[in-house]
Novice: 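Here it is, the structure in full.
Predicted model, so just to flag it, every value in this text is computed and none were measured.
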Amino acid sequence: MMKQNKNQLLCRAAIYGVGVIILAIGVATMARSTLGLLPVSAPPFGLSKVLGANFSTVLFLHYCLLVGIEFLVKGKNREMRDLLQLPFSLVFSMLAGAFESLIAVNPVFWWQKGLLLVIGILCTGVGITMSVQMRVVPNPADGLMLGISTRFHKDSGTAKNILDLLLVAAAFLIDILFGTIFTSVGIGTVLAMILVGRVIFIFNRLFLTKMKQVAGLA
């Protein structure tokens, strides 16, 4: 690994932190759109509505479950540093919940919902790229995706597709069982599964090289 100076470490930490914040804004904005959430956020959002619980609390418990599954999937390849995803989950869940409360918008018209959805997708793609590329602590969904990829010898794209489908199926089952149809899974979920990857691709093409250079990761 290339040795980093103090300024590069600070830039790396700053990019990572800003990325996590932008990602939390994306999750909160998509929740406010009422058109569906990202696959990883859909099950806890549906449960929070069913239970009348705080979204950030259920999201944190959901992330803890993903970390536990990741440990099981990795088997002997698990590492103690994977547990750092737990404090990350706590901070991220609090951020997402805070932003959802701050974005005090209850859209009525389709153009309002669509605008929130577009903002959410853009923020999610940018936030994922900035946080993941800094190689600090992955969010539990990415950690589990990497665990599935390694354990079952699948490429990361296939592993992500498998995980997304399982999460969407879980969220849809919650909606069916509790009569909250299309509360957590909707057209926004499908569009996010397709478009977030495109946002990541474009952002990488435009900024990844420079971002890695200033962070000492080039």
Side-chain angles (χ1 to χ4, degrees), residues 19-63 66 89 92-93 95-132 139-142 144-145 157 159-204:
V20 170
I21 291 173
I22 293 175
L23 179 57
I25 293 173
V27 170
T29 306
M30 286 194 66
R32 282 293 183 179
S33 75
T34 70
L35 292 177
L37 288 91
L38 291 168
V40 67
S41 306
F45 185 77
L47 275 178
S48 70
K49 296 304 179 184
V50 169
L51 301 174
N54 186 279
F55 174 50
S56 60
T57 300
V58 183
L59 183 61
F60 172 64
L61 295 175
H62 173 66
Y63 279 149
L66 293 184
S89 300
F92 183 81
S93 302
L95 281 174
F99 284 126
E100 190 199 6
S101 298
L102 287 174
I103 306 172
V105 178
N106 294 305
V108 177
F109 302 105
W110 279 99
W111 70 266
Q112 295 172 324
K113 297 179 180 182
L115 180 60
L116 288 173
L117 178 64
V118 170
I119 294 172
I121 289 175
L122 289 174
C123 288
T124 298
V126 172
I128 287 175
T129 302
M130 293 178 69
S131 58
V132 170
N139 66 68
D142 288 331
L144 178 54
M145 178 269 290
K160 178 172 173 50
N161 289 337
I162 293 172
L163 181 58
D164 282 351
L165 288 172
L166 290 173
L167 290 168
V168 168
F172 188 70
L173 183 61
I174 291 170
D175 284 352
I176 291 292
L177 290 176
F178 295 98
T180 54
I181 305 299
F182 301 128
T183 296
S184 52
V185 178
I187 185 63
T189 306
V190 177
L191 291 175
M193 291 174 68
I194 298 171
L195 297 178
V196 167
R198 294 298 88 200
V199 173
I200 292 173
F201 175 78
I202 294 172
F203 189 83
N204 282 342

Novice: What pair of heavy atoms forms the shortest contact from Asp142 to Val132, and how long is it?
Specialist: OD2-CG2, 3.2 Å

Novice: What's the spacing between Thr189 OG1 and Met30 CE if we round to 0.5 Å?
Specialist: 6.0 Å

Novice: Please check: side-chain N/O of Ser56 versus main-chain N/O of Gly97, any donor-acceptor pairing under 3.5 Å?
Specialist: no

Novice: Taking C-beta and beyond as the side chain, do Met130 and Phe203 meet within less than 4.5 Å on heavy atoms?
Specialist: yes

Novice: Hey, could you give me the CD1/CD1 distance between Ile22 and Ile128, rounded to the nearest 0.5 Å?
Specialist: 12.0 Å

Novice: Measure from the side-chain N and O atoms of Thr124 to the backbone N and O of Leu23, and report whether any donor-acceptor pair falls under 3.5 Å.
Specialist: no

Novice: Calculate, to the nearest 0.5 Å, the distance between atoms CD1 and OG belonging to Ile103 and Ser33 respectively.
Specialist: 10.5 Å

Novice: Roughly how far, to the nearest 0.5 Å, is the CZ atom of Phe172 from the CG atom of Leu167?
Specialist: 15.0 Å

Novice: Crowded around Lys113 NZ? As in, over 12 foreign heavy atoms under 6.0 Å?
Specialist: yes

Novice: Rounded to the nearest 0.5 Å, what separates atom CZ in Phe201 from atom OG1 in Thr129?
Specialist: 11.5 Å

Novice: Considering non-hydrogen atoms only, spot the tightest contact between Phe55 and Ser41 and give its length.
Specialist: CE1-O, 4.2 Å

Novice: To the nearest 0.5 Å, tell me how far Ser101 OG sits from Asn54 CG.
Specialist: 7.0 Å

Novice: Find out whether Leu66 and Val40 are in side-chain contact, i.e. whether some heavy atom of one side chain is under 4.5 Å from a heavy atom of the other.
Specialist: yes

Novice: Which heavy atom of Ser89 sits nearest a heavy atom of Phe60, and at what distance?
Specialist: C-CD1, 3.7 Å

Novice: Can you tell which of Val168, Ile174, Val58, Val185 makes a side chain to side chain contact (heavy atoms under 4.5 Å, CB included) with Pro43?
Specialist: Ile174

Novice: Using every non-hydrogen atom in the two residues, find where Gly114 and Leu35 come nearest and quote the distance to one decimal.
Specialist: N-CD1, 4.1 Å

Novice: If we check side chain to side chain contact (heavy atoms under 4.5 Å, CB included) with Gln112, which of these qualifies: Leu115, Val108, Leu116?
Specialist: Val108

Novice: Answer yes or no: is there a donor N or O on one side and an acceptor on the other, between the side chain of Thr29 and the main chain of Gly26, under 3.5 Å?
Specialist: no

Novice: If we ignore hydrogens and angles and just use 3.5 Å, is the side chain of Arg32 paired with the main-chain N or O of Ala104 as donor and acceptor?
Specialist: no

